[in-house]
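Comments concern the structure below.
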Amino acid sequence: QVQLVESGGGLVQVGGSLRLSCTASGSIFSINRMSWYRQSPGKQRELVATMPTGGGTNYADSVKGRFTISRDNAKNAVYLQMNSLKPEDTAVYYCNAEIVIVTTHRSYSYWGQGTQVTVSS
C-alpha cells in the first residue's frame with residue numbers, strides 16, 4: 001500500500017557531500033514524522049535525523065553541523081544533505097516514515113530498502 005524509495009547513495013571521498021532522497025507513494029492520507037537511520041555491519045541501527053510534518057529537526061550528535069534534513073510535503077519526500085563526510089558515516093541509510101494510510105486512517109511505520117553510503121579517502 002505504501003512504498004518508500006531511497007536514492008542518492010554512493011561512494012564519496014572524505015570531506016565530500018551526498019544528498020539522499022526518499023519518496024513515499026501509495027495510499028497515503030498524511031505523513032507525520034520522517035526520519036533517516038543508518039546501520040553499519042555488526043552495529044545497531046542508529047537514528048541520524050528526524051523531522052515532523054510541521055517543521056523542526058533533530059540530529060544525532062555525530063552529524064550535527066554536517067547533515068541537514070528537509071522535506072517537500074507536496075512530493076511526499078524527505079532529503080538528507082550530507083556534507084563534510086567522514087569514514088564513520090559509512091553505512092546503509094534507511095528512510096523511515098510514520099504514515100497515516102487512506103483506508104484506515106491509522107498510522108504505520110514504513111521503511112525504505114536502504115541505500116549504501118561509503119566514505120573513503
Side-chain angles (χ1 to χ4, degrees):
Q1 293 182 352
V2 173
Q3 302 82 39
L4 298 180
V5 179
E6 302 107 329
S7 63
L11 177 65
V12 65
Q13 291 183 322
V14 170
S17 298
L18 285 174
R19 185 174 186 261
L20 305 184
S21 299
C22 173
T23 301
S25 61
S27 301
I28 299 170
F29 179 80
S30 64
I31 301 178
N32 296 323
R33 184 174 298 275
M34 300 190 81
S35 306
W36 287 98
Y37 290 76
R38 67 186 182 187
Q39 187 169 22
S40 299
K43 297 182 179 180
Q44 293 184 335
R45 190 166 297 185
E46 171 192 23
L47 177 64
V48 176
T50 189
M51 187 175 187
T53 302
T57 57
N58 191 42
Y59 299 92
D61 288 340
S62 59
V63 307
K64 286 181 178 178
R66 300 188 298 119
F67 291 10
T68 302
I69 187 171
S70 61
R71 293 178 62 164
D72 185 339
N73 291 327
K75 297 181 179 180
N76 292 332
V78 62
Y79 310 95
L80 186 67
Q81 179 66 47
M82 304 185 294
N83 299 324
S84 302
L85 284 162
K86 304 174 181 179
E88 51 264 43
D89 295 319
T90 296
V92 177
Y93 284 72
Y94 296 91
C95 176
N96 175 264
E98 299 291 338
I99 296 175
V100 178
I101 65 173
V102 171
T103 54
T104 67
H105 284 193
R106 294 181 182 271
S107 180
Y108 300 91
S109 179
Y110 294 90
W111 292 90
Q113 79 286 352
T115 184
Q116 177 71 48
V117 172
T118 302
V119 184
S120 63
S121 299

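Every value quoted in this text rests on a predicted model; they were computed, and no experiment measured them.
Summarising the geometry of Ser17 relative to Gln81, their closest heavy-atom pair is CB-NE2, 4.0 Å, with the distance given to 0.1 Å. Nearest approach of Ala97 to Ile31, heavy atoms of both residues: CB-CG2, 4.2 Å. Ala24 and Leu4 make their closest contact through CB-CD2, 3.1 Å (heavy atoms, listed as atom of the first residue, atom of the second, distance). Shortest non-hydrogen contact noted between Ala91 and Gln116 is O-NE2, 3.4 Å. Among all heavy-atom pairs drawn from Ser35 and Leu47, the shortest one is CB-CD1, 3.9 Å.
For the atom pair CD1 of Ile99 and CD1 of Ile28, the computed distance is 4.5 Å after rounding to the nearest 0.5 Å. Asn32 CG to Ser107 OG: the interatomic distance, rounded to the nearest 0.5 Å, is 5.5 Å. Note that CZ of Arg19 and OG of Ser7 are 9.0 Å apart. Values are rounded to the nearest 0.5 Å. With values rounded to the nearest 0.5 angstrom, Met34 atom CE is found 12.0 Å from Leu80 atom CG.
A ring-ring contact (aromatic ring centres under 6.0 Å, His included) with Tyr37 is found for exactly one of Tyr93, Trp111, Tyr94, namely Trp111.
Hydrophobic clustering of Ile, Leu, Val, Met, Phe, Trp and Tyr side chains at less than 4.5 Å, counting indirect connections, keeps Val92 apart from Trp36.
The local environment of OH in Tyr108 is crowded, with over 12 non-hydrogen atoms from other residues, nucleotides or ligands closer than 6.0 Å. Within a 6.0 Å radius of CD in Gln13, other residues, nucleotides and ligands contribute 12 heavy atoms or fewer.
Both the sub-6.0 Å distance and the 45° axial angle are not jointly satisfied by Arg71 relative to the ring of Tyr79.
For the residue pair Ser84 and Arg66, no side-chain donor N or O sits within less than 3.5 Å of a side-chain acceptor on the partner.
Side-chain N or O atoms of Thr57 include none that pairs as donor or acceptor with a backbone N or O of Ala49 at under 3.5 Å. Listed for the Thr90 side chain is a donor-acceptor partner under 3.5 Å among the backbone atoms of Val119. Proximity of a side-chain donor or acceptor of Asn96 to a complementary backbone N or O of Tyr110 within less than 3.5 Å is detected. Proximity of a side-chain donor or acceptor of Glu6 to a complementary backbone N or O of Cys95 within less than 3.5 Å is detected.
A salt bridge does not link Lys86 to Asp89: none of the charged side-chain nitrogens sits closer than 4.0 Å to a carboxylate oxygen. Between Glu46 and Arg38 there is a salt bridge, since a side-chain N of the basic residue sits under 4.0 Å from a carboxylate O of the acidic one.
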